[in-house]
There are 2 protein chains.
Amino acid sequence: MARIARNFQKVTIKDVAKYADVGVGTVSRVLNNNSHVDPSTRQRVLSAMKELGYVPNPHARRLSTGTSDLVTVITPEMKGDFYQTLIASIDEVLIKNGYSSLLYPLYNERKYEALRKSSEILLSTDGLIVDGVSVDKLLGDIVEPNMPVVCLEQESERYDSIMVDNYYGGIIAGDYFADLDMEIFVVTHRKAHELESTVFDERLEGFQESLERKGRSIDKIYYVPLDWESTFEVARRIFSRYKRCAIFTTTDYLAVPIIEVARTMELKVGKDVRVCGFDDLPIAQILEITTIRQPISDMGKVAAEILIKKIRGKARDKVRKVILKPELVIRET
Amino acid sequence: MARIARNFQKVTIKDVAKYADVGVGTVSRVLNNNSHVDPSTRQRVLSAMKELGYVPNPHARRLSTGTSDLVTVITPEMKGDFYQTLIASIDEVLIKNGYSSLLYPLYNERKYEALRKSSEILLSTDGLIVDGVSVDKLLGDIVEPNMPVVCLEQESERYDSIMVDNYYGGIIAGDYFADLDMEIFVVTHRKAHELESTVFDERLEGFQESLERKGRSIDKIYYVPLDWESTFEVARRIFSRYKRCAIFTTTDYLAVPIIEVARTMELKVGKDVRVCGFDDLPIAQILEITTIRQPISDMGKVAAEILIKKIRGKARDKVRKVILKPELVIRET
DNA sequence: CTGAAAGCGCTTACAG
DNA sequence: CTGAAAGCGCTTACAG
C-alpha cells in the first residue's frame, strides 16, 4: 500500500506484460532489443505497447542501469557564434552515439550558484564537458572523482583537456602586424570573474611577445567588457586621434564595432586602418575580417569523442592534453 | 544477487542510516527536511552524511516521487540576443522556485529528430516551455496529455500560450512609415521549416494592412534566410538603385547589415534611408535602431510563472491566452 | 527464448 | 519523533 497515483495512471511495463501475456523481463528485452526474443513474441509485445500507449519511464531505467545517456555541457555563455558552433559540433558527435546534451550556460552569477546548489543535475548525467571555466575550482568538490570529464579551453590537473594554442595565435597575429608602419593597439577583454577563461590574456601575451622580438611594442591596450557598446566607445576614442593605425582584437566579436566605426568615419579599412581579429567566427567571414582562425568545430568534436570513450571505459587512464593550432586568415581588413 | 557495482561503490542512504544508527526513513527525512526530526538525531545524520561523503541519487528520488524539479525549455534557436534575454528571464523565475531548466534549442534538423527519438528527455521533466514551434504539430503525439505545457509565440488549442501581438506591431510600424515620402521596402524571413514560427509573416501582414489603410503599399518584399550574409546582398541590391527609401525589417537582426551597407555607401541613415526593425534587441539599442519593442523579458517571466502554477496544480483548467502588446521606439534610424 | 525474482536508491503512509 | 516495509518502474543474471 502507501502510494498515491501521481503519474496519472500511466501504463507501465507491467501492464504491457500482462496485455501481451509475457513476463516483464521479456518486455524489457524488446524495449532494449538486446538478447534474442522470438519474432512473434516481440511482435505481440510491440503491438501491446502501441495499443496501451506505453512510454518507458526514464527515471526507472536510469536508476536500474545507473546511466542516463545524457552529457552535461557547461559553457560560460551561449551568446554568439562561437558557442553555437562549438555546441553544434559537440551535439553532432553526441547524437550520433546515442547521447543527448544537457546545456548549462553560466551566463550570470545566479547560474553559478544554481549549479552549485543543485549539482544533482550534473550527477544525473554520464559525463561532463566544461568549456572555459575551471572545473577544479568551480566544481572540484562536487563532481565525483570518477565522473568522465573533458575540459575545453581550460587546463586541468585531473581531467583531459582540449586546448587551442592561444599564445601561438597571438604570435602569428604579432608577426603579421610587426611589419606595419603604424601605431598598434589592442582591444581585449578583461576577465571579470575569477573563474573565467584566460584565453584573451594568452592571446595578448603571444602578440606582445612577437612584437618585442621584432623590436616593436603595443602603443596602447584597451580593456572592454564583452559587449559592443563599450567597444564602440573605444573605437571612437581611437579614431578621433588616429586616422591610421593597426588594431588587434582578441576576438572577432570585438572587431565588428571597430570596423563599423572606422567605416562610418570614412576611414579606409584594410589600408589606413588594419584590423585583425581572433576566432574566425561566422561574422568574420561575412564582414571579411582578417583573423586568427580557431578550429572550433574540431574542438567540440574531439572533446565529445574523448568523453564518449571515457564513458564507455575505453579511454586511457592518464590525463591527456590535446593542443590544436590556430592559423592566420588574411581577408580584407 | 545479480548486481554489478556500476556506480563505483557510491554511498547510499542505507550506509548513512547504518553509520548514524537510524532508519533510512529518518535519513530521508532530514534530507528533505520535512516532518519533524529530533535536532540531535538530525545532527547525527548530517555529520554521517558529511563523514561518508554522501550524495543523493537523483534518479532514485525522481522514480520515487515522480517529479524531477526540471523544466524543459525548447526554442528554435539560441543564437542571438532575443533568446538570451528570453531564456535568462525564464531561468530567473525557475531558479527562484527551485527548478532548473533544461535547454533544448532546435537549431537544425538533426535536433528535431533527436528530440522525437529520445523524447525521454521531455518526459523526465516536470513541465515544458516551448517557444516558436508548434507543440501540437511537433510533439502532439509525444507529450503526455497531462504534462504542464506553456507555449510562447505560438498559439495552441490545448495549452496555455503567451503571445505578442505581432500583427499590431506591424500596424504601428506601417503607421510610422506611411507618411514618409519614399519607396517602402520590407526585408523579412521566409520560414524554411514547416514547424517554424509565423511571427515574421504576422508582422508583415500588419505592416501591409496599415499601409493599405493609408492608401500606400509596399514596393518590394525581400525574403532572406536569418543570416547577415544574404541580407548584405539584398541591401546592396536595394541601395544600388535607391539612394532614398524606407526599409522595414521584421527583426532588428536583419536591420544591422542594412544599416551597415547604407553607411558604407555613404547614405544618410535616419534621413534619406529610414530603417525600422522589430524586437528591440540589445543590438538595436546599441546601434540606435528605430524599432518595435517586444517585451521579451515579460514573455519569459509570465511563461515561467504560469508553468510553475500548472506544475503545482494551482492553475485554472481552461486554456489561457496572454497577449502582450509591442510598442514603437523611435531612435536614430 | 523466457519467466520469476532480486535489486537499483530513494520516499512515505503506517504503526508505534 | 522514528523504524520497518512497501512501493516507484525498470534491468538483468539465473534457471529453466
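In this text the structure is predicted, and so the values were computed from the model without any measurement. Letters A, B, ... are given to chains in the order of the sequence lines, protein chains preceding strands, and every chain is numbered from 1.
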Which nucleotide in the set dT11(C), dC1(D), dG3(C) lies at the smallest distance from any side-chain heavy atom of Val24(B)?
-> dT11(C)
Closer to the 5' end of DNA chain C via nearest nucleotide, is it Thr26(A) or Lys14(B)?
-> Thr26(A)
Can you tell me which residue pairs pass the salt bridge (charged side-chain N to carboxylate O under 4.0 Å, His left out) test with a partner in residues 63-74 of chain B, sequence neighbours excluded?
-> Arg61(B)-Asp69(B)
Determine whether the side chains of Ser124(A) and Ser68(A) contain a donor N or O and an acceptor N or O closer than 3.5 Å.
-> no
Between atom CG in Leu63(A) and atom P in dT11(C), what is the gap in whole Å?
-> 12 Å
Between the side chains of Asp131(B) and Thr75(B), does any donor sit under 3.5 Å from an acceptor?
-> no
What is the nucleic acid contact for Pro56(A), judged by heavy atoms within less than 4.0 Å: base, sugar-phosphate only, or nothing?
-> sugar-phosphate
What would the secondary structure line of DNA chain C be in dot-bracket form, counting Watson-Crick and G-U wobble pairs under 3.5 Å, with [ ] for pairs that cross earlier ones and | for pairs with another strand?
-> |||.||||||||.|||
Of the listed dC10(C), dT2(D), dC10(D), the closest approach to the Asn57(B) side chain comes from dC10(C)
Please give, in whole Å, the distance from dG9(C) C1' to Arg62(A) CZ?
-> 15 Å
Atom-to-atom span, CG of Leu31(A) to P of dT2(C) - whole angstrom | 15 Å
Winner on side-chain proximity to His36(B), out of dC1(D), dT11(D), dC1(C), is dC1(D)
Write down the distance between NZ (Lys18(A)) and P (dA4(C)), rounded to a whole number of angstrom.
-> 12 Å
Within the structure shown, what part of the strands sits under 4.0 Å from Val27(A) by heavy-atom distance: base, sugar-phosphate, or nothing?
-> nothing
Rounded to whole Å, CG of Leu52(A) lies from C1' of dG9(D) at a distance of 15 Å
Counting N and O atoms only, with roles assigned by atom type, does the side chain of Ser101(B) sit under 3.5 Å from a partner on the main chain of Val73(B), one being a donor and the other an acceptor?
-> no
Proximity to the side chain of Asn32(A) - top-ranked nucleotide from dT11(C), dT11(D), dT2(C) = dT11(D)
Give Thr12(B) one of three labels, base, sugar-phosphate or nothing, depending on what nucleic acid heavy atoms sit under 4.0 Å from its own.
-> sugar-phosphate
Decide yes or no for Leu307(B) and Val71(B): does some side-chain heavy atom of the first lie under 4.5 Å from some side-chain heavy atom of the second?
-> yes
May I ask you to evaluate whether Thr41(A) reaches the phosphate of dT2(C), defined as a side-chain N or O under 4.0 Å from OP1 or OP2?
-> yes
Does atom NZ of Lys14(A) have more than 12 heavy-atom neighbours, drawn from other residues, nucleotides or ligands, at distances under 6.0 Å?
-> no
Between Arg61(B) (CZ) and dC8(D) (C1'), how many Å, whole number?
-> 13 Å
Would you mind classifying the nucleic acid contact of Val45(A) as base, sugar-phosphate or nothing, using non-hydrogen atoms under 4.0 angstrom?
-> nothing
Among the nucleotides dG3(D), dT2(C), dG9(D), whichever has the atom closest to the side chain of Ala60(A) is dG9(D)
Taking atom C1' in both dG16(C) and dT12(C), what distance in whole Å separates the two?
-> 16 Å
In whole angstroms, the gap separating P of dG7(D) from CD1 of Ile13(B) amounts to 19 Å
Interatomic distance, Lys10(B) NZ vs dC8(C) P [rounded to whole Å] = 13 Å
Here the gap from Leu86(A) atom CG to Leu152(A) atom CG, rounded to the nearest 0.5 Å, amounts to 5.5 Å
Between the side-chain atoms of Arg29(B) and the base atoms of dG3(D), is any donor-acceptor pair under 3.5 Å?
-> yes
Has the side chain of Ser64(A) got a donor or acceptor that lies under 3.5 Å from a partner of the other kind on the base of dG7(C)?
-> yes
Of the non-hydrogen atoms in Ser156(B) and Asp136(B), which two are nearest, and what is the gap between them?
-> OG-OD2, 3.3 Å
Under 4.0 angstrom, heavy atoms only, what part of the nucleic acid is Val55(A) near: base, sugar-phosphate, or nothing?
-> sugar-phosphate
